[in-house]
Trainee: 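There's a structure below that I have some questions on.
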Amino acid sequence: MNSEAIAKDKVDAWFAQWITLQATIHTAHDTRSGMAQQLMEEAIELFEQLVQAAGDEVLPINGVERLAFIKAKPGQYACYRQLDELFKETKKRTARLRIQASKS
């Protein structure tokens, strides 16, 4: 595990980008503007960059399968919700890994 890659200031930047995208995606779904899929593709790329930078250890349970589900139909609202959960769980996991690393 790359402790530097999961430093709070590093991962918080990824999650701040997600919060911005999340609000835009939510609005796109609410207004049915047709932009949700494109925005979701950006968000998926953001999540993959986060995992690549921080390491596979940050992936939540069934993360690979869940990401495959999201990538199959990124325009669906269910996929947006699933990606939101992946981001939340990844944030918790990085915090847990940081605590474990600081204890060792």
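Position 1 is the first residue of the sequence, and the numbers go up from there. Every value quoted in this text rests on a predicted model; they were computed, and no experiment measured them. As a basis for the values below, the full set of heavy atoms in this structure was taken, side chains included, without hydrogen atoms, waters or symmetry mates.
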Trainee: If I compare all heavy atoms of Ala28 with all of Ala36, which pair ends up nearest, and what's the gap?
Mentor: CB-N, 3.8 Å
Trainee: Looking at residues at least two apart in the chain, or sitting in another chain, which of them share a side-chain hydrogen bond (donor to acceptor under 3.5 Å, both in side chains) with Gln76?
Mentor: none
Trainee: Considering all heavy atoms of both residues, which atom of Tyr80 and which atom of His29 are nearest to each other, and what is their separation?
Mentor: CB-NE2, 3.8 Å
Trainee: Under the salt bridge (Lys or Arg N to Asp or Glu O under 4.0 Å) test, which residues partner Glu41, sequence neighbours left out?
Mentor: none
Trainee: List the residues meeting ring-ring contact (aromatic ring centres under 6.0 Å, His included) with Trp18, not counting sequence neighbours, and say none if there are none.
Mentor: Phe87
Trainee: Are there over 12 heavy-atom neighbours, none belonging to Ile61, within less than 6.0 Å of that residue's CD1?
Mentor: no
Trainee: Taking atom CD of Gln52 as the centre, does the number of heavy atoms from other residues, nucleotides or ligands within less than 6.0 Å exceed 12?
Mentor: no
Trainee: Could you list the residues that satisfy side-chain hydrogen bond (donor to acceptor under 3.5 Å, both in side chains) with Arg81, not counting sequence neighbours?
Mentor: Asp84
Trainee: One pair to check against side-chain contact (heavy atoms from CB on, under 4.5 Å): Glu48 and Lys71. What are the steps and the verdict?
Mentor: CA-CA 11 Å; Glu48 289 177 326; Lys71 290 170 89 172; 2.6 Å; yes
Trainee: Count the heavy atoms belonging to other residues, nucleotides or ligands that lie under 6.0 Å from CD of Gln49, then report whether that count exceeds 12.
Mentor: yes
Trainee: May I have all residue pairs that pass salt bridge (Lys or Arg N to Asp or Glu O under 4.0 Å) and include part of residues 16-35, sequence neighbours excluded?
Mentor: none
Trainee: Run Phe15 and Gln22 through side-chain contact (heavy atoms from CB on, under 4.5 Å) and show every step you take.
Mentor: CA-CA 10 Å; Phe15 295 117; Gln22 177 196 27; over 6 Å; no
Trainee: For Lys88, does the NZ atom have more than 12 heavy-atom neighbours from other residues, nucleotides or ligands under 6.0 Å away?
Mentor: yes
Trainee: Carefully, step by step, assess Ile70 and Phe47 under the rule side-chain contact (heavy atoms from CB on, under 4.5 Å).
Mentor: CA-CA 11 Å; Ile70 294 164; Phe47 184 77; over 6 Å; no
Trainee: Decide yes or no for Met40 and Ile25: does some side-chain heavy atom of the first lie under 4.5 Å from some side-chain heavy atom of the second?
Mentor: yes
Trainee: With Glu89, which residues qualify under salt bridge (Lys or Arg N to Asp or Glu O under 4.0 Å), at least two apart?
Mentor: Arg66
Trainee: With side-chain contact (heavy atoms from CB on, under 4.5 Å) as the criterion, how do Thr90 and Leu59 come out once you've worked through the C-alpha distance, each side chain's angles and the decisive distance to 0.1 Å?
Mentor: CA-CA 6 Å; Thr90 301; Leu59 266 175; 5.6 Å; no
Trainee: Grab the two heavy atoms, one from Leu83 and one from Ala43, that are nearest each other, plus how far apart they are.
Mentor: CD2-CB, 3.5 Å
Trainee: Taking Thr24 for the side chain and Thr20 for the main chain, is one N or O donor matched with an acceptor at less than 3.5 Å?
Mentor: yes
Trainee: Looking at CD of Glu42 and CD of Gln37, how far apart are the two atoms once the value is rounded to the nearest 0.5 Å?
Mentor: 12.0 Å
Trainee: When you compare the side chain of Leu50 with that of Gln17, does any pair of heavy atoms fall below 4.5 Å?
Mentor: no
